[in-house]
Enquirer: 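Take this structure first; my questions come after.
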There are 2 protein chains.
Amino acid sequence: MPKTGLSSEEIKEKALQIAEEKIRAYSFEKFRLTDIAKELKISQAALYNHFPDKAALLDAISERWLAHMDNTLEHIANKEVPPRQLIVKWFLTYHQLKKEKVLKDPELYKSFNMAAELLKPFIIDHLDNLNRQLLMLVQKAIIAQEIHAKSPENVVQLLLESTISFHHPRMVLDHKDENREGLLKQVVETMLEGFHE
Amino acid sequence: MPKTGLSSEEIKEKALQIAEEKIRAYSFEKFRLTDIAKELKISQAALYNHFPDKAALLDAISERWLAHMDNTLEHIANKEVPPRQLIVKWFLTYHQLKKEKVLKDPELYKSFNMAAELLKPFIIDHLDNLNRQLLMLVQKAIIAQEIHAKSPENVVQLLLESTISFHHPRMVLDHKDENREGLLKQVVETMLEGFHE
DNA sequence: TATGTTATAAATATAATAATTTATAACATA
DNA sequence: TATGTTATAAATTATTATATTTATAACATA
């Protein structure tokens, strides 16, 4: 029986909450494991029973957010709406979620080393999810004859590539004070129109 | 009569050449005005007769390269080729020039603070040039009935936005080891197709 | 007057050291 | 045995002093 009266999962969850608070209050660079331990009323070393190291704790925060994002998008992807319209909606939501995150936690983004980030399993998993969802939408749109294309995979790649400034963290940060939803809508619709015939 | 036997313009030009060498040999962060002065055989303080400060010297390097880029693109924009085809060619060249620069001088890019960079007059000038050239091409394409659009300005904006990952320095750096010209071609052609009807 | 000099003040970078934080080890207890 | 403790080694970060670099000033000369 644990001495805090909490399960490992509960401790983990609380640790992540506190970490997010600290990062928001101070900054990404300055938050300390000792602060988390203090607030949890356990020793700093005891955190290592729940997380292999500090990086793993930080990754867990990102992972949690990405899971939330995947779910929200999945929910949209499964709506009963004409697929082409849904693709536009999906991209707009994707953009909004990223922007929301950047606005809320700019510290979380600034220091991202994208090259290293892309190798992490939970990021790969997230990107897979996005690809899978969008592929499904594109396939539906092809079946519904709303767009025409030999390779739905290629359509997915082109759509994601041409909208990168609306979902790539760095680019989203650059434009955080602008409303670019109208522009995104136009880009996606023009691309879809390009696949029309 | 100057004591070096060189005009201010000649000193400036030599200073820029030496600065580029030094940046390439060492790095952006490490190059010193003293090194340039030493090689020019003048005192370090004398450089201030030609450049207001160190930042101005660095800006002059960028400015020179951007001018070269603008000229190359201008030359392409004026070719006698069907405009829609020319737009694709123009984007491919733009991408190649940026990539070339990033591959040659990665140090010049890493430290770029984009927000500050975009306020500099010579950057504004460069972006104006790009917009002007592309606008001309789009207008020609509309006249030739190769694309249909009410607002050529809007077409220009959408084309530049959807291809940003092929010319934004940070994104180009991220993909520097990939050949992405086929992908760029597809994006531009799909967008143009989207404006077709 | 434009371009150069030397001297020096102000700002930055570097290096050595101290302090803090992260991570591991050895052990305790429900 | 899972989760906790304290002690401490290893790594990182802050601090401070020193050296270097950038920028300005006062002045020289073609």
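Below, chain A is the first sequence line, B the second, and so on; all start at residue 1.
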Enquirer: If the threshold is 4.0 Å, N to carboxylate O, is there a salt bridge linking B/Lys12 and B/Glu9?
Expert: yes
Enquirer: I need the CD-P distance between B/Glu10 and C/dT3, as an integer number of Å.
Expert: 11 Å
Enquirer: Please determine, for D/dA9, whether a Watson-Crick or G-U wobble partner exists with both distances under 3.5 Å, and give it or none.
Expert: C/dT22
Enquirer: Of all the choices, D/dT3, C/dA23, D/dT22, which nucleotide is nearest to the side chain of A/Asn49 once you look at every atom?
Expert: D/dT3
Enquirer: Distance check needed: C/dG4 C1' versus B/Leu6 CG, whole Å only.
Expert: 13 Å
Enquirer: Start at the 5' end of DNA chain C and walk down; is the nucleotide closest to A/Arg32 or to A/Pro52 reached first?
Expert: A/Arg32
Enquirer: Aromatic rings B/His95 and B/Phe166: how do their planes relate, parallel, tilted or perpendicular, breaks at 30° and 60°?
Expert: perpendicular
Enquirer: Let me know the distance between NZ of A/Lys30 and P of D/dA14, rounded to the nearest Å.
Expert: 8 Å
Enquirer: What does C/dA13 pair with, Watson-Crick or G-U, if both distances are under 3.5 Å?
Expert: D/dT18
Enquirer: Between A/Leu33 and B/Leu47, which residue's closest nucleotide on DNA chain C lies nearer the 5′ terminus?
Expert: B/Leu47
Enquirer: Which one is paired to D/dT3, where only Watson-Crick or G-U wobble pairs with both distances under 3.5 angstrom count?
Expert: C/dA28
Enquirer: C/dG4, OP1 or OP2 - any side-chain N/O from B/Thr4 closer than 4.0 Å?
Expert: yes
Enquirer: Whole angstrom is fine here: how far is it from CZ in A/Phe31 over to P in D/dT13?
Expert: 12 Å
Enquirer: Counting heavy atoms from C-beta on, name the nucleotide in D/dT6, C/dT22, C/dT6 closest to the side chain of A/Ala45.
Expert: D/dT6
Enquirer: Output the rounded distance in Å from OH (B/Tyr26) to C1' (D/dT21).
Expert: 16 Å
Enquirer: Using 4.0 Å as the upper bound for N to carboxylate O, is an ion pair formed by A/Glu161 and B/Arg180?
Expert: yes
Enquirer: Could you please name the option among C/dG4, C/dA23, D/dA23 that lies closest to any side-chain atom of A/Gln44?
Expert: C/dA23
Enquirer: Starting at atom CG of B/Asp53, determine the distance to atom C1' of C/dA9, rounded to an integer number of angstrom.
Expert: 17 Å
Enquirer: On DNA chain D, compare the nucleotides closest to A/Ile42 and B/Tyr48; which residue's is nearer the 5' end?
Expert: A/Ile42
Enquirer: Does a side-chain N or O from A/His50 land closer than 4.0 Å to OP1 or OP2 of D/dA2, or not?
Expert: no
Enquirer: Can we say B/Lys176 and B/Glu100 salt-bridge, meaning some charged N sits less than 4.0 Å from an Asp/Glu carboxylate O?
Expert: no
Enquirer: Answer yes when B/Lys99 and B/Glu178 have at least one side-chain N-carboxylate O distance shorter than 4.0 Å, and no when they do not.
Expert: no
Enquirer: Counting just side-chain N and O atoms, does A/Ser43 come under 4.0 Å of either OP1 or OP2 of D/dG4?
Expert: no
Enquirer: Please report, rounded to the nearest Å, how far the P atom of C/dT21 is from the NZ atom of A/Lys22.
Expert: 13 Å
Enquirer: Quick one: B/Lys41 NZ to C/dG4 C1', roughly how many Å, whole number?
Expert: 16 Å
